[in-house]
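What follows is a single structure, written as structure tokens, with notes after it.
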Amino acid sequence: MEREPDFAMTDAPLTPIEIGLTAAIVTVEGEEPAILVAGDAARGETRAGLPFGPFDPLAHRTFEIGLRAFVEAQTRLAVGYVEQLYTFGDRGRHARPDDTDAHVVSIGYLALTRMPDHVAALRAAGADFEPWYRFFPWEDWREERPQILDKVVLPLLDEWASRADKAEPGRPLGRRERVRFCFGAGGSPWDEEKVLDRYELLYEAGLVEEARRDGRSAALARTRIPALGEPMRFDHRRILATAIARLRAKLKYRPVVFELMAREFTLTDLQRTVEAISGRRLHKQNFRRLVETAALVEPTGETSTTTGGRPAAMFRFRREVLQERPAPGLRLGARSL
């Protein structure tokens, strides 16, 4: 019987690894979902990036404690809801090609916060909340099907897919099937939760700037990279895509949307926030019926006249729902477009 290699006795040098923590901090302001970003002036880097920092096991007992500490130190934000997304460790997606520095394994987090009062201090430090559709313009379907899909994205993906009609090694689906599956082409439905799948397909096809920067052959073979959203540092756009997908899915079975709401709000405020995150419009009466059936809110007895029309009833999140059932979310239906 063949023995397994004894890795503990090998003389081969071990690759040094650093653990980083990266935060996708989301808020909603003026019906726009926004993400906290900042450049890195110290390194001459102007591209947007997510807040990140190294994990210090001597200073922080857990990853989440470390994340909260460096976010507050860098941004003065005390974030509320936090959850771990995924561990990102692909070589070459964190720095430059052929780098020989320590390999960085980044643990991504989704964090939710209300828009802080000290935005001016954030901007003075070079940070700000930016609309996340600036980085993913094909994800916003609230007004109409994004024109960038039919004018730019799908023609380029069709051309890329035509070069390999059969399934590739390690992939159960061919390129055309994957384009149809991710982007709702050829009559397939658009699934708002497939944010990461769509970005990864664009990266693989060499259609985003990060693929060219990382030295991917598909991107280097192109004479021009199309302007498909604003690129980000390292693999931060990939982490952001993961965060958006997770939050869109989470709306349906957890009441996380209320982490982004004021303590008291109108049902219109709530609907516009859900629409901003999901990237699609919802039928007003159906949404209100859904909220009523889910018993997620309760009236405060107050009204608001800020809309300029008839006074609107004010509501608040009914926290008792967390003890009443295991999945208290908004059961939004799938998009049929």
Side-chain angles (χ1 to χ4, degrees), residues 22-37 50 79-86 88 108-115 129-146 148-149 153 181-185 188-203 228-229 232 235-261 269-283 286-287 290-291 294 296 317 326-337:
T22 306
I25 303 174
V26 177
T27 192
V28 175
E29 176 72 3
E31 300 184 16
E32 284 298 327
I35 190 77
L36 186 64
V37 299
L50 302 176
V79 294
Y81 179 90
V82 170
E83 73 166 275
Q84 190 175 129
L85 288 170
Y86 191 72
F88 303 84
Y109 279 84
L110 167 65
L112 306 180
T113 185
R114 298 178 180 90
M115 179 61 78
F129 281 97
E130 299 286 351
W132 75 25
Y133 292 122
R134 177 173 299 177
F135 307 99
F136 301 96
W138 54 87
E139 294 291 341
D140 188 1
W141 289 61
R142 286 175 295 174
E143 300 305 323
E144 61 181 0
R145 177 184 174 92
I148 194 173
L149 281 173
V153 174
F181 175 77
C182 293
F183 283 89
S188 297
W190 176 270
D191 185 344
E192 65 267 17
E193 293 181 29
K194 290 186 171 63
V195 187
L196 178 61
D197 302 83
R198 287 187 278 272
Y199 175 73
E200 291 285 40
L201 197 61
L202 292 170
Y203 182 94
L228 296 183
M232 302 184 82
D235 56 356
H236 288 189
R237 195 153 48 146
R238 185 189 187 205
I239 297 174
L240 177 54
T242 308
I244 296 173
R246 177 71 63 84
L247 184 53
R248 285 180 169 183
K250 206 88 171 180
L251 287 178
K252 301 173 184 178
Y253 62 91
R254 296 296 297 171
V256 293
V257 66
F258 297 102
E259 298 287 342
L260 302 168
M261 304 295 299
D269 294 334
L270 180 59
Q271 179 175 342
R272 292 291 180 256
T273 300
V274 172
E275 290 175 336
I277 295 168
S278 64
R280 61 188 178 105
R281 290 295 183 203
L282 302 170
H283 188 276
N286 288 348
F287 178 79
L290 185 66
V291 172
L296 295 174
F317 174 49
L330 293 166
R331 300 291 180 177
L332 304 173
R335 187 179 189 90
S336 58
L337 293 180

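The structure presented is a predicted model; accordingly, all values stated were derived computationally and were not measured.
When all heavy atoms are compared, the tightest approach of Pro146 to Pro137 is CB-O, 3.9 Å. Shown here for Leu296 and Phe317, the closest heavy-atom pair between the two residues is O-CD1, 3.2 Å.
Atom CD1 in Ile239 sits 4.0 Å away from atom OG1 in Thr22 (nearest 0.5 Å). Put simply, CG on Leu201 and SG on Cys182 are 5.0 Å apart, with the number rounded to the nearest 0.5 Å. To the nearest 0.5 Å, the span separating CD1 on Ile244 from CD on Glu192 amounts to 12.5 Å. Rounded to the nearest 0.5 angstrom, Leu36 CG and Leu50 CG are separated by 8.5 Å. Distance check, rounded to the nearest 0.5 Å: CG of Asp191 to CZ of Phe183 gives 12.5 Å. Atom-to-atom distance recorded for Trp132:CH2 and Leu240:CG is 7.5 Å, nearest 0.5 angstrom.
In this structure the side chain of Val26 never reaches within 4.5 angstrom of the side chain of Phe129, judged on heavy atoms. A heavy-atom distance below 4.5 Å is found between the side chains of Trp138 and Leu202. Here the side chains of Ile148 and Leu228 are in contact, with some heavy-atom distance below 4.5 Å. Counting heavy atoms from C-beta on, the side chains of Phe135 and Ile35 come closer than 4.5 Å. Residues Met232 and Val37 are in side-chain contact: their nearest non-hydrogen atoms beyond the backbone lie under 4.5 Å apart.
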Report task. Evaluate the criterion side-chain contact (heavy atoms from CB on, under 4.5 Å) for residue pair Glu83 and Tyr109; output intermediate values, then yes/no. Result -> CA-CA 6 Å; Glu83 73 166 275; Tyr109 279 84; 5.9 Å; no

Query raised in the report: Can you list the steps and then say if Asp235 with Tyr203 is a side-chain contact (heavy atoms from CB on, under 4.5 Å)?
Result: CA-CA 11 Å; Asp235 56 356; Tyr203 182 94; over 6 Å; no

Report task. Let me see the working for Leu247 and Val256 under side-chain contact (heavy atoms from CB on, under 4.5 Å), right down to the final yes or no. Result -> CA-CA 8 Å; Leu247 184 53; Val256 293; 3.8 Å; yes

**Report entry** Evaluation steps, side-chain contact (heavy atoms from CB on, under 4.5 Å), between Leu112 and Ile25
**Finding:** CA-CA 6 Å; Leu112 306 180; Ile25 303 174; over 6 Å; no

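Classification of Glu193 and Arg248 as a salt-bridged pair fails, no side-chain N sitting under 4.0 Å from a carboxylate O. A salt bridge does not link Glu200 with Arg237: every distance from a Lys NZ or Arg NE/NH1/NH2 to an Asp or Glu carboxylate oxygen is 4.0 Å or more. No salt bridge links Glu259 with Arg114; every basic N to acidic carboxylate O contact stays at or beyond 4.0 Å.
Other residues, nucleotides and ligands contribute more than 12 heavy atoms inside 6.0 Å of the OH atom of Tyr81.
A donor-acceptor distance shorter than 3.5 angstrom exists from the side chain of Glu275 to the backbone of Leu282, with no hydrogens or angles considered. A donor-acceptor pair under 3.5 Å is absent between the side-chain atoms of Arg246 and the main chain of Leu110, judged by distance alone. Listed for the Tyr133 side chain is a donor-acceptor partner under 3.5 Å among the backbone atoms of Ala276. Between the Thr27 side chain and the Thr113 main chain, a donor and an acceptor come within less than 3.5 Å of each other.
Under the side chain to side chain donor-acceptor pair (under 3.5 Å) criterion, Glu32 pairs with Arg142, not counting sequence neighbours. Annotation: side-chain contact (heavy atoms from CB on, under 4.5 Å) contacts of Ala241 (sequence neighbours excluded): Phe136, Val195, Leu196, Tyr199. The side chain to side chain donor-acceptor pair (under 3.5 Å) search around Asn286 returns Arg289, not counting sequence neighbours.
Within the cation-pi definition used here (under 6.0 Å to the ring centroid, within 45° of the axis), Arg145 does not qualify as a partner of Trp190.
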